[in-house]
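Input: a single structure, listed below in structure tokens.
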Amino acid sequence: MFVLYLTPMSEVKRTILTEVKKNSDGSRVGILHTRQGNVNTPTFMPDGTRGVVKSLLPEQVAATGVQIVLANTYHLHLQPGEDVIKSLGDVHGFGKWKGPILTDSGGFQVFSLSKLRKITEEGVTFKHPVTGEMRLITPETSIQIQLALGADMIVAFDHLTGLDDESRKDTLEAFERTHRWLERCIAEFKRLTDNLEPSRRPILFGVVQGGLDLELRRKSLEIVQNSEVGGIAIGGLSVGESKEEMYKILEFLAPLYDNSARPRFLLGVGDPPDIRFAIEHGIDMLDCVLPTRNARHATIWIEGDKKVHLTNAKFVNDPLPIMEGCDCYSCHSGYSRGFLRHQFKVGEPLAGSLASIHNLRYLSRICESYRPSVE
RNA sequence: GCAGAGUUAGUGAAGCGGUCAAACACAAGAGACUGUAAAUCUCUCGGCAUUCGCCUUCGAAGGUUCGAAUCCUUCACUCUGCA
């Protein structure tokens, strides 16, 4: 068969995700096998860009139900550098996170640092936002860095563009380049990991692009699925488009995943309704800065996915916890909204930490609601 | 007592004849944030109308001027020197 001829490789045959159950709402329950242990899916993964989930101890992160944490290739490469991290016990020993760690490739910075970067076919040259230093990241170096960091799951270096009106014209270029770069990522990955036992290899995710164009999305998914990658990442969403547009793509892709043993990772989505929608359309893993960033900005979720600003004046004397009935540490310990409002107003970092714990628990609980039998 | 300096919206602080309802910072109020240049950013912040606009303000009271937060006089208070 043509597809098999293209993909006779070990990564495709390897069972990276064991599908435990299909739910009637379209979601699926699974066990993700990484070299750093198994993880229950669907799962939400907070971003610890610089090697830690901001303002939280690993124990506090784990206590929210989170099982995987992200780190970022671009940030850790620039500072302190993968050599330093390697010498300090790779990303696990560095940040003391015992579970699996996934690194993002730096592809997001192609988008978020668009004013500070230049794209060529070779790769992307970034100007350091602070020092002005120029640094080239290529598909090959991204893979090298991620492996040196010691991540258990890594992402192919892709070309991400925004989906605001201005940037949509770049979709085709980004789509094509992403696939050319994927081949180079895979080649480099194989070169550096072929000598490892398959069970000791990190999992490489290829990234699906294509903007809002359904045909491009179909083609991109096909290309990624026919590549020697261990996981499928859906990229290029939640970057300026409407929710309806994002949902349309997720809905379109849902029936097209061809291999239940490969995890599907939706990059960068973390608004509770979006998480639910994604999970109910076959997504197993999601990461996002939203729960922790919002928390540091005093915004938390309560029942019904409602956003609440804890700095609001109405909370001055409020003795209630962030969310009644919540089983997170912050709510369970009884910290009042009045206390949190005050600590936010005076700039006390503990307030952001307590709110982060709550928001992470809120998202973990959403994921757990799809996998009751596994708990 | 004498000589200087000062008193500006919640606070600090610019302004020194028209372009001043009055810079800026903080405080206050509201909001944004989706693979983290983000413990950040945006808006509002005398009163009313909330579109045009109108009204009351720059220690107090008088005065000069077409026009004063800005110049003059007196008073009140604050600070710094000398007694």
Side-chain angles (χ1 to χ4, degrees), chain A residues 44-56 68-76 78-79 102-117 126-133 142 146 153-163 178 205 207-209 231 233-243 246-247 250 265-275 277-278 283 285-301 305 307-316 341 343-356 359 363:
Chain A
F44 179 80
M45 313 177 289
D47 291 351
T49 304
R50 302 192 132 94
V52 278
V53 177
K54 283 185 197 286
S55 89
L56 296 182
I68 306 174
V69 153
L70 259 76
N72 185 287
T73 301
Y74 169 82
H75 298 266
L76 293 180
L78 285 183
Q79 195 181 15
L102 190 154
T103 47
D104 185 32
S105 63
F108 183 72
Q109 280 62 46
V110 177
F111 161 72
S112 66
L113 301 178
S114 62
K115 290 197 172 74
L116 296 166
R117 121 256 110 148
F126 292 96
K127 184 176 179 178
H128 188 115
V130 177
T131 66
E133 180 194 355
S142 176
Q146 295 185 73
M153 289 174 277
I154 72 175
V155 178
F157 190 59
D158 62 329
H159 180 175
L160 168 58
T161 55
L163 285 172
T178 292
F205 284 77
V207 183
V208 173
Q209 289 290 349
I234 311 301
L237 292 175
S238 63
V239 283
E241 79 283 15
S242 69
K243 279 183 188 284
M246 176 168 84
Y247 289 0
L250 293 172
F265 168 21
L266 177 57
L267 290 152
V269 168
D271 197 27
D274 301 349
I275 292 179
F277 191 92
I283 295 295
M285 308 155 62
L286 309 94
D287 81 293
C288 195
V289 304
L290 209 53
T292 49
R293 181 191 286 168
N294 276 359
R296 272 176 280 115
H297 299 166
T299 307
I300 51 85
W301 288 295
D305 301 342
K307 278 198 301 189
V308 171
H309 293 102
L310 285 174
T311 45
N312 286 4
K314 63 185 172 189
F315 296 125
V316 172
R341 181 194 125 93
Q343 301 304 350
F344 271 118
K345 289 304 258 186
V346 298
E348 167 53 50
L350 179 65
S353 301
L354 290 169
S356 292
N359 278 351
L363 299 190

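If you're wondering where the values come from, they're calculated on a predicted model, not measured in any experiment. Proteins get letters first, then strands, A, B, ... in listed order; numbering begins at 1 in each.
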Same-atom distance ([atom1]) from [N] to [M], integer angstrom:
N	M	atom1	result
B:A38	B:U42	C1'	13 Å
B:C66	B:C71	C1'	16 Å
B:A30	B:U80	P	41 Å
B:A69	B:G18	C1'	13 Å
B:U70	B:G63	C1'	15 Å
B:A14	B:A25	C1'	11 Å
B:C2	B:C20	C1'	38 Å
B:C52	B:G67	P	28 Å

Main-chain N/O of [Y] paired to [X] side chain as donor or acceptor, under 3.5 Å:
X	Y	result
A:T103	A:A71	no
A:R117	A:V110	yes
A:Q343	A:R341	no

> Got a second to check how far A:F44's CZ is from A:C288's SG, nearest 0.5 Å?
Replying inline: 5.5 Å
Which nucleotide, if any, forms a Watson-Crick or G-U wobble pair with [N], using both distances under 3.5 Å?
N	value
B:C54	B:G47
B:C41	B:G31
B:A5	B:U78
B:C26	B:G10
B:C71	B:G63

>> Just to verify, which of A:R50, A:Q146, A:Q109 counts as forming a side-chain hydrogen bond (donor to acceptor under 3.5 Å, both in side chains) with A:N72?
In response: A:Q109
> Taking only residues two or more places apart in sequence or in another chain, which ones pass side-chain hydrogen bond (donor to acceptor under 3.5 Å, both in side chains) with A:D158?
Replying inline: A:Q209
> Got a sec, which residues hit side-chain hydrogen bond (donor to acceptor under 3.5 Å, both in side chains) with A:S356, two or more places apart in sequence or on another chain?
Replying inline: none
> What string of B, S and - do you get for nucleotides 29-35 of chain B 5' to 3' if you count protein non-hydrogen atoms under 4.0 Å?
Replying inline: SSSBBBB
>> By the 4.0 Å heavy-atom rule, please label A:T292 as base, sugar-phosphate, or nothing.
In response: base
> Touch check for A:H75, heavy atoms < 4.0 angstrom, all strands: base, sugar-phosphate only, or nothing?
Replying inline: sugar-phosphate
> Do any side-chain nitrogens or oxygens of A:R296 fall under 4.0 Å of OP1 or OP2 in B:C41?
Replying inline: no
